[in-house]
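Because the structure is predicted, anything quoted here is derived from the model rather than measured. Just so you know, ligand 1 is whichever comes first in the structure, and atom 1 is the first atom listed for that ligand.
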Amino acid sequence: MSDCTFIIFGASGDLFKRKLFPALYELIAHKKVTKCAIVGAALDDTDMATLIERSRDFIKGSINEEVWEHTKACAVYQRLNFARKDDFVALKKRVENIERKLGLSGNRMFYFAAAADFFCELTQNVAAAGLAQKKGANEYPWHRLVYEKPFGHDLAAAKDINECIKQHFDEVQIYRIDHYLTKEIVGNIALVRFTNCVFEPLWNNRYVDNVQIVLSESIGIENRGAYYDRYGATSDVVQNHMLELMALIGMEMPPQLTGECVREKRAQVLKHVSVVDGIFGQYDGYRQEENVESDSNTETFVAALLRINNPRWAGVPFYLKTGKYLHKKETRIVVKFKQVDCLLKACPRNSNYLTISIDPDSGFSLTLNVKKPGTAQEVIPVNMDFCHSCLFEPFPPEAYAVLLEDIVRGEHSVSVRFDEIEDAWKIVDDIKAKQFPLYTYQKKSSGPKELEDFNKKHGIRWLT
Ligand SMILES: NC(=O)c1ccc[n+]([C@@H]2O[C@H](COP(=O)([O-])OP(=O)(O)OC[C@H]3O[C@@H](n4cnc5c(N)ncnc54)[C@H](OP(=O)(O)O)[C@@H]3O)[C@@H](O)[C@H]2O)c1
């Protein structure tokens, strides 16, 4: 593992506070980087100690005060306006000083924790100041650039940003990230599927009845009204997390489960996705949220029926459902297998499915039919469970810590290739063009009551 200077643009923001700094602390605490410096940059007139202290409540487990103080000592803050070129020249001096002081080799990770509208300008200014140079895969010290999701707000914007970045940097330096891809259990999906004979031969339209991908949140938009009102649920999570999960479920077997091999197979799935139908919802009270338009039609809930039009998946519906302020927080995938040709009197219809739980618990559960004790042939469903946190680490590493570690190692499967992003935006643009009806739903409910009609229309029975 090499040393690294982490340069975070947007260090006074929510992502740095809740995810990035805790991830950096975790990397340092677990000695995942030999030596490092953290350089935070944003508009705010603040200092690094203040920003770091705001992250205390977001550290998992107890804090090692010695590591905490050491981390603080490696971190500096530079006030900077994304639009001012001179500020980037000043930042470069600051970065060089701290690298010299801490004896770092000049490996640099530039993390753009800012809205996608800034990505092009930030990239241009980083390049113009000479903070990062265009380099090939084996050129050292390395310079890597990390772009948060969502990459753009529609297909046209994503293409513009990508063109802009490619003018300055090589593809091997560019990380368009989706932290979901680094979750331990998500990495496990492909492995479990491809290495178990009880699943792989069944993973197709002959045996799979439908696939359900659900990402429900019990919280609202919190203080992110300006961002959310422009994006909505479809662009915020369907475009990235949910379609990436769908691609992982649907992909063909890669020769290995790393880097370009996985990216290529994921990309092949998204090229063949079509949108059949859907409904939108908006939680009651959304229009009164701070920085939300009073007549906003932004969806905070979406349920959609998609298909993958290839020989493996033709005819299998993929149901996606996500929303804010729902009655529970969960991210799950259900692969529902077809019913066997059952001649028994009591043939159950809703067992035989694999649940992949991602959040908050992680694990696999296979729901099977067994005989109800004491009866001759009454059938009941039972679960065979694999609980990840019970069997392995109770505190698996934070997805963002794995992400940063992977980028330091130069692992590219955590980065989404541009054609994947492009195809995901095409799907999202298609969903939006279909102008699904928008219904209001109560907070802490399971979505709009009109979801029932949608379910009936398509014969959907949600199993999560
Ligand atoms: N928050 C999350 O949980 C989350 C999760 C996944 C992805 N993301 C993505 O991560 C990115 C950042 O999200 P966020 O929630 O952290 O946003 P945020 O809280 O609004 O923070 C934005 C940051 O950008 C800085 N900034 C904005 N305009 C600037 C300018 N002209 N010059 C210098 N600094 C400027 C802000 O600095 P000042 O505050 O000093 O003005 C702040 O540090 C977004 O792309 C978002 O989609 C966020």
Exercise. Around ligand 1, what residues show up once you keep those with a heavy atom under 4.0 Å from it?
Worked result: Gly10, Ala11, Ser12, Gly13, Asp14, Leu15, Arg18, Ala42, Leu43, Asp44, Leu80, Asn81, Phe82, Ala113, Ala114, Ala115, Phe118, Glu148, Lys149, Pro150, Arg224, Tyr227, Tyr400
Exercise. Side chains of Tyr77 and Thr50: do they bring a donor and an acceptor to under 3.5 Å?
Worked result: no
Problem set entry | Distance-minimising heavy-atom pair for Ala399 and His179 | CB-O, 3.7 Å
Exercise. When you check the gap from the basic side-chain N to the acidic O, do Glu264 and Arg417 get nearer than 4.0 Å?
Worked result: yes
Problem set entry | Ring-face cation contact, Trp142 with Lys135, 6.0 Å cut, 45° max | no
For this session: Determine whether the side chains of Asp236 and Tyr227 contain a donor N or O and an acceptor N or O closer than 3.5 Å.
Result: yes
Exercise. Does the side chain of Ser218 come under 3.5 Å of the side chain of Lys324 through a donor N or O and an acceptor N or O?
Worked result: no
